[in-house]
Number of protein chains: 2
Amino acid sequence: MDTDDGLRIDAPHRELLDQILDKWSLSVLNELCERPCRFNELRRSIPRVTQKSLTATLRRLERNGVIEREVLATRPVAVRYRITPLGKTLRHPVDVLLAWAAQHMPAVERAREGFDTREEEAVL
Amino acid sequence: MDTDDGLRIDAPHRELLDQILDKWSLSVLNELCERPCRFNELRRSIPRVTQKSLTATLRRLERNGVIEREVLATRPVAVRYRITPLGKTLRHPVDVLLAWAAQHMPAVERAREGFDTREEEAVL
DNA sequence: CGGAATCCCTAGGGATACTG
DNA sequence: CAGTATCCCTAGGGATTCCG
């Protein structure tokens, strides 16, 4: 559990995590873990995301194999995004992360206040 | 474990994770989990990080309470960074994440190749 | 040694308009 | 509906220089 060295962080790993843990990906994955979604459905359910950013996020996640894009031959076209089996394996790591954030947010906020106070004093 | 809804991702949580899971933070945390480090020690042990980026990363982590900065009154000054108790609680989530990356990297690479191949064909 | 300050530069985000 | 295309603009990274 707490081995001495733990795991190395090499460039490919960090690049992968950067692509999957970026600003909007967590929200998208969370949403698609619950149910498949249309593009505008996702857009509405994720506050403040722009169409451009959402498109880029979806492409990146699709390229990395964690979500799937399915075009339905209707008029007008409908597109359905869904999580893949690989994407589902991300659920646990992400949940662990979110649980950490939820649990320790108060401690972080206290730390921030202390830090900012010390900064102010340093200026005086 | 796999509750239906899992956890929400609100703005404060995402902001916190952004600050802690960014490009260089994982490497810094990993290093400081093993032992306290001087500034240039960290710099040498993290390939390709610049002094500016490292400074910014350390300040951010310090502000969020996961690392500590200690100035030793020597000549010339020495500065020692160490992980805090709060920072140590990050170890498990981060390890889970790195384990995921290590385990699924091959699948991700296959997905990328498939995606890129389909893209090429689409152009033709 | 451990930064801060400066300059430069580009990847990426927001807004808007257009399309199959 | 689900994007693509375009313009604009600024936050942030790299390189370099200077300081206590």
Side-chain angles (χ1 to χ4, degrees), chain A residues 11 14-28 31-32 35-64 67-82 115 118-120 122-123, chain B residues 11 14-28 31-32 35-64 67-82 115 118-120 122-123:
Chain A
R14 224 203 26 228
E15 186 215 353
L16 173 54
L17 294 179
D18 280 350
Q19 300 221 340
I20 286 174
L21 300 175
D22 76 290
K23 191 172 184 187
W24 302 112
S25 292
L26 287 188
S27 300
V28 169
E31 211 63 35
L32 293 184
R35 64 186 186 290
C37 278
R38 306 271 301 272
F39 182 85
N40 282 329
E41 233 177 320
L42 276 173
R43 190 175 177 176
R44 278 188 296 272
S45 68
I46 302 175
R48 308 174 52 81
V49 70
T50 64
Q51 172 270 322
K52 185 178 178 180
S53 301
L54 182 55
T55 301
T57 299
L58 290 169
R59 285 291 174 281
R60 198 173 337 104
L61 293 178
E62 185 193 0
R63 178 167 185 269
N64 285 285
I67 69 171
E68 255 174 10
R69 181 172 182 271
E70 176 187 10
V71 181
L72 310 175
T74 57
R75 288 280 316 190
V77 271
V79 178
R80 181 185 298 139
Y81 292 93
R82 62 173 73 246
F115 183 91
R118 287 193 299 276
E119 290 293 282
E120 284 177 26
V123 173
Chain B
R14 223 201 30 225
E15 186 213 354
L16 173 54
L17 294 178
D18 280 350
Q19 301 219 339
I20 285 174
L21 300 176
D22 76 291
K23 191 172 184 186
W24 302 112
S25 293
L26 286 188
S27 300
V28 169
E31 211 62 36
L32 293 184
R35 66 186 183 291
C37 278
R38 306 271 301 273
F39 182 86
N40 281 329
E41 234 178 321
L42 276 173
R43 188 174 178 178
R44 279 187 297 272
S45 68
I46 301 176
R48 309 174 52 83
V49 71
T50 65
Q51 172 266 318
K52 186 178 176 179
S53 301
L54 182 55
T55 301
T57 299
L58 290 169
R59 286 290 175 282
R60 200 173 335 106
L61 293 178
E62 186 194 0
R63 178 168 187 268
N64 286 285
I67 69 172
E68 254 173 12
R69 180 173 183 269
E70 176 187 10
V71 180
L72 308 176
T74 58
R75 288 280 314 189
V77 272
V79 178
R80 182 186 298 139
Y81 292 93
R82 62 172 73 246
F115 183 90
R118 288 192 299 276
E119 289 295 280
E120 284 176 26
V123 174

Ignoring the backbone of [X], work out which of [options] is nearest its side chain.
| X | options | result |
| --- | --- | --- |
| A:Arg59 | C:dG2, D:dG3, D:dC1 | D:dG3 |
| B:Asn40 | D:dG3, C:dG2, C:dG3 | C:dG2 |
| A:Ala78 | C:dG3, D:dG3, D:dA2 | D:dA2 |

How long is the line joining [atom1] of [X] and [atom2] of [N], in whole Å?
| X | N | atom1 | atom2 | result |
| --- | --- | --- | --- | --- |
| B:Glu70 | C:dG2 | CD | C1' | 15 Å |
| A:Arg38 | D:dA2 | CZ | C1' | 9 Å |
| A:Leu54 | D:dT4 | CG | C1' | 14 Å |
| A:Arg80 | D:dC1 | CZ | C1' | 14 Å |
| B:Phe39 | C:dA4 | CZ | C1' | 11 Å |

Exercise for the section: Spell out protein contact along nucleotides 11-20 of chain D as letters: B when the base is contacted, S when just the sugar-phosphate is, - when no protein heavy atom is under 4.0 Å; keep the 5' to 3' order. Expected result: --BBB----B
Problem - B:Thr50, B:Thr55, B:Thr57 screened by side-chain hydrogen bond (donor to acceptor under 3.5 Å, both in side chains) with B:Ser53, the one that passes - result: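 Between B:Ser53 and the candidates, side-chain hydrogen bond (donor to acceptor under 3.5 Å, both in side chains) is satisfied uniquely by B:Thr50.
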Output yes when at least one side-chain N/O atom of [X] is less than 4.0 Å from OP1 or OP2 of [N], else no.
| X | N | result |
| --- | --- | --- |
| B:Arg69 | C:dG3 | yes |
| B:Arg75 | C:dC1 | no |
| A:Tyr81 | D:dG3 | yes |

Handout entry: Contacts of A:Arg44 that satisfy salt bridge (charged side-chain N to carboxylate O under 4.0 Å, His left out) - sequence neighbours left out
Key =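 For A:Arg44, no residue satisfies salt bridge (charged side-chain N to carboxylate O under 4.0 Å, His left out) once neighbours in sequence are set aside.
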Exercise for the section: With axes from five pairs an end, tell me the bend angle of the helix from C:dC1-D:dG20 to C:dG20-D:dC1, nearest 10°. Expected result: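 Roughly 50°, once rounded to the nearest ten degrees.
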Problem - Pairs touching residues 53-63 of chain A that satisfy salt bridge (charged side-chain N to carboxylate O under 4.0 Å, His left out), sequence neighbours left out - result: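 The answer is A:Asp22-A:Arg60, A:Arg63-B:Asp116.
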Practice task
Keeping to residues at least two apart or across chains, list the salt bridge (charged side-chain N to carboxylate O under 4.0 Å, His left out) pairs with something in residues 68-77 of chain B.
Solution key: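 The answer is B:Glu70-B:Arg80, B:Glu70-B:Arg82.
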Handout entry: Partner residues of B:Lys23 under the side-chain contact (heavy atoms from CB on, under 4.5 Å) criterion, sequence neighbours left out
Key =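 Checked B:Lys23 against side-chain contact (heavy atoms from CB on, under 4.5 Å); matches are A:Arg14, A:Asp18.
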Practice task
Answer yes or no: does atom CZ of A:Arg35 have more than 12 heavy-atom neighbours from other residues, nucleotides or ligands under 6.0 Å?
Solution key: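 Buried by this count: over 12 neighbours within 6.0 Å.
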Got a sec, which residues hit side chain to side chain donor-acceptor pair (under 3.5 Å) with [X], two or more places apart in sequence or on another chain?
| X | answer |
| --- | --- |
| A:Ser27 | none |
| B:Glu15 | none |
| B:Glu41 | none |

